[in-house]
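Below is one structure, written out as C-alpha cells, with a few remarks after it.
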Amino acid sequence: MKFATRSIHAGYDNAEHSKAVMPPVYQTSVFEYGHVGESMPFVYARTGNPTRAALEACLASLENARHGLAFASGMAAIDAVLRACLKPGDEVIAVADLYGGAYRLLSKVMEPAGVKITFADLSDSRNLTALISARTRLLWLESPTNPLLGMVDIAELSKIAHAHGSRVAVDSTFATPYLQNPLDLGADIVVHSATKYLAGHSDVLLGLVAVNDDALHREIKFIQNAAGAVPGPQDCFLTLRGIKTLHLRMDRHCDNAERVANYLQSHPKVERVFFPGLPEHPGHDLARRQMRRFGGIVSIWLKDDSREAASRLAERLRLFALAESLGGVESLINHSYTMSHGGMPPEQKAQLGIREGGVRLSIGIEDIEDILADLEQALAD
Ligand SMILES: *Cc1c(COP(=O)(O)O)cnc(C)c1O
C-alpha cells in the first residue's frame, strides 16, 4: 500500500480492540494473567502496551522496516541506540553539525563512560574513509542537519561503514519517513524525534526508532525495557493521530517553505538563504536523489549580522513564535546562536556557520499569503 494509506491504517487491527476505529488509550500499567506461566502479549506497560505497539508497528511500516520502537523522547531513543551499539573502548563517528542534544549526550555522557567520539564533516564521504577504523562501531548521521540543512550521502557513507564492520544510524527527524527512508538507502537504524513533524502539533514529546535486523531490534528493545524510558499511552495515541495527517501536513510545509525560501532569497536584508530546494544549496543535488521533497525548514543569515537584528526580526513577526523546536503546524523562529546551539563553544559555532545574525524558520501550514506578509512587514525598515 502507498504511504498515505499506511499512515492511516498500518499497525492497527480494530478486530483486536472491540472494533474501535482509533487505537484506544490503554491507560493501565499491568495486565492480568489467566494462569501461572501463561504466555501473554502484554504483561507490564514498561515492557509493552497495546497503544504503544500500534504506534511502533505504524512507524515500522512507514520506514519500510521490520521493527519499530517508541521512547519517551527523541533523546531517550538516541540514548537507547547508543547504549545498544557501544561499549567502553568503542568509537562513534558523528556528523559535526549534530543536533545539540545529541552532541551533549555523546560528549558529556558517552565520552566520560569510555566511548571515543569523533566529529567529522561528512558532506564529503572521503572524510569518513580517512577516519574510520576497526574500533568504529557506529556511524551517527543526521540529514538534513540543524540549522543550516547540511546533507550527507546516506547510501555512500553506509557502504563505507559496513565495509569496516560499523553500524549506521540516521537521525531523520527533519525529513520524516514521508520524505526520506534511510533504511532503504542502506542504514541500519533510523531515529526520529516524533516531537516534531510526526506528532506535528507541538503537544507531545516522543522518540521513535526503526530497524530491520532482528538481533539489533532485540538489543535496543532490551534497553527500552531495562532502562524504561518509554512513552505513556496518551502520548502514543497523540503521535498516532498526528501521523495520520503527516503526508498532508508535510506537503503543505514543503510548499510553504519553497515559497518562503524564494521570497527571502531576493530580499535586500537577507545575506543568504539555506534551503535544500535552492539549486545553489550545497546539498541540493544530493537532496534531489535522497529525499522526495526538501522539507519545511528555512534558515537565513541576515545582512546585519548582529543579535539585535535577529531579535528585531523575531519581535516584529506576529505569526512566528520565538521558540525552540520545529515541525508543528504553526510557524516558529529560532535564534540558533543563543537557543538550540546556546551550549556550543563560539569557535565551533563560527566553524559551522551559526551566526548572531542568523535565524532558523520552521515554516508552518498557515496560509502562505499570511506567512509572506508577516515576513514582509517584519523585515521592512
Ligand atoms: C528535537 C530533536 C531531537 C531530540 O528530540 P526530543 O524529542 O526533543 O528529545 C533529536 N534530533 C533532532 C534532529 C531534533 O530536532
Side-chain angles (χ1 to χ4, degrees), residues 52 55 59 63 68-83 92 94-110 119 122 138 140-152 154 169-180 182 187 189-210 224 227-232 235-236 238-239 242-243 246 250 253 257 274 276 283 291 295-299 323-328 332-336 339-344 352 354 360-363:
R52 191 173 101 208
L55 172 60
L59 187 267
E63 285 291 6
L69 291 162
F71 294 86
S73 68
M75 288 319 305
I78 294 173
D79 180 57
V81 169
L82 296 177
R83 286 205 254 174
V92 51
V95 286
D97 44 349
L98 192 64
Y99 172 72
Y103 176 82
R104 179 171 54 205
L105 183 62
L106 284 168
S107 58
K108 301 269 167 54
V109 180
M110 296 305 287
F119 295 103
L122 298 175
L138 185 66
W140 190 271
L141 305 178
E142 222 179 283
S143 189
T145 59
N146 181 21
L148 299 183
L149 294 318
M151 309 282 306
V152 294
I154 296 169
V170 179
D171 181 339
S172 195
T173 298
F174 275 43
T176 82
Y178 185 59
L179 301 181
Q180 163 176 291
I189 303 163
V190 55
V191 177
H192 292 283
S193 169
T195 310
K196 316 294 166 55
Y197 289 107
L198 288 168
H201 297 73
S202 307
D203 54 7
V204 65
L205 202 65
L206 195 136
L208 291 167
V209 173
Q224 182 194 41
V230 294
D235 287 348
C236 294
L238 286 170
T239 305
I243 286 174
L246 177 66
M250 281 319 287
H253 283 297
F274 297 85
M291 296 171 71
I297 308 292
V298 178
S299 286
E324 301 284 3
S325 200
L326 57 107
L332 299 177
I333 178 169
N334 182 281
H335 186 239
S336 310
M339 294 166 67
S340 56
H341 292 69
M344 190 178 264
L352 294 176
I354 299 166
R360 182 192 74 199
L361 303 171
S362 174
I363 308 301

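Both ligands and their constituent atoms are indexed starting at 1 by order of listing.
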Pull out every atom of ligand 1 sitting under 4.0 Å from any heavy atom of [X], numbered as shown with elements.
X	answer
E142	13 (C)
G74	5 (O), 6 (P), 7 (O), 9 (O)
S73	7 (O), 9 (O)

Checklist entry - Which atoms form the tightest heavy-atom contact between L198 and P177, and what is the distance? => result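 Closest pair (atom of L198, atom of P177, distance): CD2-CD, 3.6 Å.
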Item to check | Min N/O separation M75 to ligand 1 under 3.5 Å | outcome: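 Among all N and O atoms of M75, at least one is under 3.5 Å from an N or O of ligand 1.
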Identify the closest protein heavy atom to [atom]: which residue and atom is it, and at what distance?
atom	value
atom 12 (C) of ligand 1	D171 OD2, 3.4 Å
atom 5 (O) of ligand 1	S193 OG, 2.9 Å
atom 7 (O) of ligand 1	T195 OG1, 2.6 Å
atom 15 (O) of ligand 1	K196 NZ, 2.7 Å

For residues 94-102, which side-chain N or O atoms pair as donor and acceptor with protein atoms under 3.5 Å away, sequence neighbours left out?
| from | atom 1 | to | atom 2 | distance (Å) |
| --- | --- | --- | --- | --- |
| D97 | OD2 | T145 | OG1 | 2.8 |

Item to check | Student check: side-chain heavy atoms of T176 and M250 closer than 4.5 Å | outcome: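 Answer yes - side chains close enough.
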Candidates [options] - the one meeting side-chain contact (heavy atoms from CB on, under 4.5 Å) with [X]:
X	options	result
I297	R360, K196, H253	R360
C236	L55, V204, V230	L55
L326	S202, S362, P147	S362

Item to check | Shortest reach to atom 3 (C) of ligand 1 by a heavy atom, considering only Y197, Y99, F174 | outcome: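 Answer by nearest heavy atom: Y99.
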Next on the checklist: The criterion is salt bridge (charged side-chain N to carboxylate O under 4.0 Å, His left out); which residues satisfy it with R52, sequence neighbours excluded?
Outcome noted: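 Result, salt bridge (charged side-chain N to carboxylate O under 4.0 Å, His left out) vs R52: E56.
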